[in-house]
There are 2 protein chains.
Amino acid sequence: MSTRRDTVRRALNDSSGFRSAQDLYADLRAEGSKIGLTTVYRALQALSDSGEIDVLRSTDGEAVYRACVTDTHHHHLVCRGCGKAVEVEGPAVEKWAENVAAQHGFHDVTHTVEVFGTCAACWASRG
Amino acid sequence: MSTRRDTVRRALNDSSGFRSAQDLYADLRAEGSKIGLTTVYRALQALSDSGEIDVLRSTDGEAVYRACVTDTHHHHLVCRGCGKAVEVEGPAVEKWAENVAAQHGFHDVTHTVEVFGTCAACWASRG
DNA sequence: AACTATAACGATAACGGTTGTCAATTTAGT
DNA sequence: ACTAAATTGACAACCGTTATCGTTATAGTT
């Protein structure tokens, strides 16, 4: 089952960095697929539910998806220019989050960390 | 000028934690104001543009706003239950972000960090 | 291969938060 | 008061997302 889901996963894997559902839909139609937008949304939701991909919201409210290479807890360093994402770990951050939460009496702590910057290539090409 | 803008700012200051535009609109109407939804959006956008308030997106795509007490760089520890937010600093995080970006050749680095948890009060009241 | 039950699919409509439009009202300056 | 400019708010338009529902593909059985 779910050839479509595999198709969407592949499309996401092929592109490093963030893609919106509409982006992926456009990509797939461009390469000749007859997939529907609804199915793209469904596939992304399924993949996200099973933890295979990452979801977050861009500043303008669009949901963006990302395929992660490792399945351990990690964060991302994202290029503002080309959208390429590097997966990074940060024991220091994990610890800090735990500590600061404990200091304020918070339990059951989670956190989100995203680092944005301009990668070497984009930096070179635009001065 | 802009009594409305002050009204919105006050409404946001009165409530600790996150509020959506629609929340604030409901609050203001509830207390008898004849303000319109459009104006609430406009005021929030103006306040956000001038850096007086913080904007971010909830996981379901709604824009949520927050009045910050300090104007130095800081992060937030947010309660999942009541939405109350504590402003926290994290030199360790700042440094980590800088380092990890430098290691990968990234320039012009910014970052977002949000820590979520259940505050002592909410933890006690729900077991 | 034929049949059936079940799941996946996709076009379209509906939904909800946000933004644009524009006439009416308020404000500031004279 | 009078005028020009800015603010306001009702309403419509917009856009990403989700629900609906008839159609199509799949898997299992005979």
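What you see below is based on every heavy atom in this structure, not just the backbone, and it leaves out hydrogens, waters and symmetry mates. Chain identifiers are assigned alphabetically (A, B, ...) following the order of the sequence lines, protein sequences preceding nucleic acid strands; residue numbering begins at 1 within each chain. Quick caveat: nothing in here was measured; it's all calculated off a predicted structure.
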Find out whether B:Glu87 and B:His76 are in side-chain contact, i.e. whether some heavy atom of one side chain is under 4.5 Å from a heavy atom of the other.
-> yes
Any idea which of D:dG16, D:dA19, D:dG9 is nearest the A:Gln22 side chain?
-> D:dG16
Could you work out which one of D:dT17, C:dG17, C:dG10 sits closest to the side chain of B:Tyr41?
-> C:dG17
In whole angstroms, how far is the C1' atom of C:dC9 from the CZ atom of A:Arg29?
-> 12 Å
Quick one: A:Arg4 CZ to D:dT24 P, roughly how many Å, whole number?
-> 14 Å
Let me know the distance between CG of B:Leu44 and P of D:dT8, rounded to the nearest Å.
-> 12 Å
Value in whole Å for how far the P atom of C:dT18 lies from CG of B:Leu37 = 9 Å
Here the distance between atom P of D:dC14 and atom CG of A:Asp60, to the nearest Å, is 18 Å
To the nearest Å, how far apart are A:Ile35 CD1 and C:dA11 P?
-> 10 Å
Are any of the side-chain heavy atoms of A:His107 and B:Cys122 separated by less than 4.5 Å?
-> no
Considering only heavy side-chain atoms of B:Thr39, the closest of D:dT8, D:dT17, C:dA11 is D:dT8
Could one point to a donor on the side chain of B:Thr38 or the base of C:dT18 with an acceptor on the other under 3.5 Å away?
-> no
Would you mind telling me which of C:dT19, D:dT20, D:dT17 lies closest to the side-chain atoms of B:Gln45?
-> C:dT19
With no angle test and no hydrogens, is the base of D:dG9 tied to the side chain of B:Arg42 by a donor-acceptor pair under 3.5 Å?
-> yes
Report the nucleotide, chosen from D:dT8, C:dG10, C:dT18, that has the shortest atom-to-atom distance to any side-chain atom of B:Arg57.
-> C:dT18
Does the side chain of A:Glu114 reach to within under 4.5 Å of the side chain of A:Leu56, using non-hydrogen atoms?
-> yes
Once the angle between the rings of A:Trp96 and B:His75 is folded into 0 to 90°, is it parallel (under 30°), tilted (30 to 60°) or perpendicular (over 60°)?
-> perpendicular
Separation of D:dG16 atom P from A:Leu24 atom CG, nearest Å, is 14 Å
Is any side-chain heavy atom of B:His74 closer than 4.5 Å to a side-chain heavy atom of B:Val88?
-> no
For atom CZ of B:Phe18 and atom P of C:dG17, their distance in whole Å = 18 Å
